[in-house]
Structure formats: C-alpha cells, structure tokens
Amino acid sequence: MSRIKNVRGRRIWDSRGWPTVEVEIRLENGITGRGLAPAGASCGTHEAVELRDGGTSLAGRDVQKALRNIHTLIAPALAGIDIHDQQQIDRILTELDGSGTFSRLGGNAAVACSMAAINTAAADAGLPLWKYLAGDQTVALPLPQIQIFGGGAHAGRRIDIQDLMVIATGADSFQQALVMTAEVYHSAGRIMKQRGQLNGVADEGGWWPAFSSNEEALDTLVKAIEGAGFVPGEEVAIALDIAASEFGKNGHYRLALESSDYDSDGMCELLLGWLERYPIVSIEDPLAEDDEQGLIAFTKAAGSRVQIVGDDYFVTNAQRVITAAEKGACNAVLLKANQAGTLSELRQAFSEAKKAGYGTIVSARSGETEDHLIVHLALGLNAGQLKVGSMARSERTAKWNEAIRLEDSHPLGFFGVNALNHQ
Ligand code: PGA
Ligand code: ZN
C-alpha cells in the first residue's frame, strides 16, 4: 500500500490569465503527482461550484479560499489513505464537502486533488496514466474535434455559435487528423486575411469570428475546408458547439448577431436547416440546458443522422445521463472532470453513457493549463473522442502533442470516424 503523506495546493495561472488551483500530492515513499484545475466560461448551471474569493483583487477570481480548504480540511482527511483507492479518495472529498455541489470545498480544489491523486497513483505504479487507467483493456486514440473559429462566450459574443470545429473524418491516424485540421485552420486564416478580417484568435485558439451572421461563419468554414483541398463531409466534416444555454432560457432563444428570436421549435427548425445545408456530423448543446423537451424533439428528428452532444445539459453527471437516456435526449456525452468535481464521478457518468449506447467525448475547458491529463483520460478510458479547442495556443497544443507522442511511441489504434455515435 502506498499512503498519502501530504497534499499541498498552490495558485497557478490559466490560459486566460486568471488564477487557478494546482495540487501536489506526496506519498510516504516520496512519489509525487500533480493536478491542475481548468476553468470554464460557458458553464452549466448544475456544474460543481468553483470557489473564488470575491472582492476587488483579481476581479474576485483569486483562489485563496480553495487553497485554505486544501491545507486545513482536505490534507488532514487524505493523510494515510492508499493512493490506489481513487474511489475512497473521491468519496472523502465528496463527504467532506457535504453540499452535493462542492460549494464548500470548491470544485476547483476537489478536482485538482482528484487529478493529482490519479497522477500520483500512476507514478507510483511506474506507468503512464493512460496505461494505469486502461489496465489490460485494448484502447485506441480518440478522434479529435478541433476548433477553427471560436465564438460565443469565448469571443466576447461576437457571434452566437460558440465552437465551429472540424472532424477529419477521412483520417487514418491521430497525426493525420492533426495535419488535415492544420491545413483547414490555415486555409481559414488565409480567407480571413484576404477579407481584411484577420483579428487574432479567441479563447481556445480558433480565429476571431468577424462575421455578419452565424451562417456566414458556417459558409466560411466550408470554404476553408475546400480551400485546404478536402471534400467537405467526406474527408473533413463540421462539428458545432451551439452552447445554446448562453442565449436561450425558458424556451426563448435570441441570436444577438442577427437580432432574431426563436421559440424551441423555431430553434430546432433553424438547426435542422443547417444540418440539411452544411456537412455537419456533430452538434453540441443545440438547445439550452433547461429545454429538455427541445433536446428530445431535436434528437428524435436528427439523432440517427448526426451526433448530438450534451454538455451543459449533462454536466458530467451520471444521474442526468440515466434520465436523458430514458427520455431519448442527445446521443453523446461531453465529459469534463471539473463539472463533476472528481474523476470517480466522471467515470460513473462515462459508464452510464456507455451502458446507454451514447458516444463519449473527453473535453478540455476554455480556461486551460499546460496539463495533458485529459489526453491520457480519453485514451485510458477508451472514450473514442477528444475535444480540446484549436490548433493554436500552447495550452491546446500541449494536449495534441501529447497524443502524437503516445501514438508515436506505442502500437495503438485510432478510433477514426467510427467513434461518432450515429454511424
Ligand atoms: P467552457 O466551454 O469551458 O467555457 O464551458 C467549452 C464547452 O462549452 O464545451
Ligand atoms: Zn460545450
């Protein structure tokens, strides 16, 4: 048994320049491991609560309270626990918090501890994290969804759609998917430059969305795919994250860019029209988190043709996945550890998704660090898909490059297009 000796938190910085929590666990045998909490911008209402200090310093976003909780509450509770009993570690975190939402300890404190624990356990076993997670199971590298234009809350709401991404459906390997996507990314950059609209990048590294309508963004993405020499829908297809909870509530949706209003049926119709006209294979949060009827109706209408991903709707919660599967809402689940608060919660949501026959996508947040744990998580769980943001900004390439290293140094297969749930 390898016991935890101490747990130490520190303030580090995320990709948007805000403070976040890092935790380092040290075992009695001297082995250490770290966990780095990411941070969302377009968060679901039911996510684990991030603990921020409030007040005026750093816009109230400092994490001293979360760090204090790590040192005064979490460290004593975890001392002496076996590092290989992740479920017990996560149970202690959950019970110590006691709120059901991590509002007391802080979801940021909890997830950094949970991530640090799994990294320390893998280090203690002398294994890369993916291998520690996979055990004897044969696993394959995930199919990536990669952002070309950022929007929504990640680009000052310049356009309403949050992520305009591509999936290299024609790729036979992870590294080939990255090459194909890089061609599309730079093709898109050239188009924006020709138009005099190259204005840098949004939070996740996608080009800044200088468009006069949401459909202009979609048209431009198709042009970028063609400009890169690919057949849209055959070699490279579109994946969208509408993030509709950001502009929809109580069955009312407002696309600010076009000053147009829709009810739930109208929003469904608009999106079904896009599915007809554009080579879209995956669509995330097409309706708002509170519009379950809309999600059910949309899944009924389009779920056999495209992957319909729930993010804000599921918030990586096993019970919410079970309920949705009974009702027929969505057919794929986005998995973010900090929505759940612990990796054990994420694994439960993952296993319920699998039981229901839903697709699974391990995802980064819009506020990230150089950490590449999610790549090992996607591979080790054999999740099939990975969403990280774009091709630019080092907190994104840290993940892509780690996946390339893994593909290069181990005889691993690649999920490819088979990972898409509706196929
Ligand atoms: P977030 O965005 O990290 O800001 O929530 C990512 C997503 O919506 O998938
Ligand atoms: Zn999302």
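Order of listing sets the numbers, starting from 1, for every ligand and every atom in it.
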Greater than 12 external heavy atoms within 6.0 Å of Glu216's CD: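 Yes - once you tally the heavy atoms of other residues, nucleotides and ligands closer than 6.0 Å, there are more than 12.
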Within 6.0 Å of CZ in Arg396, more than 12 heavy atoms from elsewhere: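 Result for CZ/Arg396: enclosed.
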Plane angle bin for Phe174 and Trp400 - parallel if under 30°, tilted between 30 and 60°, otherwise perpendicular: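 Rings of Trp400 and Phe174: tilted, as their planes differ by 30° to 60°.
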So do [Y] and [X] actually touch side chain to side chain, heavy atoms under 4.5 Å?
X	Y	answer
Leu386	Leu143	no
Val309	Phe314	no
Ile283	Trp274	no
Asn250	Asp290	yes
Thr369	Ser15	no

Ala243 to ligand 1, any heavy atom closer than 4.0 Å: no
Give the atom numbers and elements of ligand 1 that come within less than 4.0 Å of a heavy atom of [X].
X	answer
Leu334	9 (O)
Glu284	9 (O)
Gly40	1 (P), 3 (O), 4 (O)
Asp241	7 (C), 8 (O), 9 (O)
Lys387	7 (C), 9 (O)
His154	1 (P), 2 (O), 4 (O), 6 (C)
Lys336	5 (O), 6 (C), 7 (C), 8 (O), 9 (O)
Asp311	7 (C), 8 (O), 9 (O)

Arg347 with Glu345: basic N within carboxylate O range, under 4.0 Å: no
Under-4.0 Å salt bridge between Arg393 and Glu204: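 No.
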Shortest-distance N, O or S atom of Asp311 relative to the Zn ion (ligand 2): OD2
N/O/S atom name from Glu284 that is nearest to the position of the Zn ion (ligand 2):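 Nearest N/O/S atom of Glu284: OE2.
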With only distance considered, is [X] within less than 3.5 Å of ligand 1 through an N or O on each side?
X	value
Arg365	yes
Ser366	yes
Cys43	no

Identity and distance of the protein heavy atom lying nearest atom 8 (O) of ligand 1: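 Minimum-distance protein heavy atom for atom 8 (O) of ligand 1 reads Gln162 NE2, 2.8 Å.
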N, O or S from Asp241 under 2.8 Å to the Zn ion (ligand 2): yes
Metal check, the Zn ion (ligand 2) vs Asp285 N/O/S, cut-off below 2.8 Å: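 False for Asp285.
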Aromatic centroids of Trp208 and Phe149 separated by under 6.0 Å: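 No: the rings miss the under 6.0 Å criterion.
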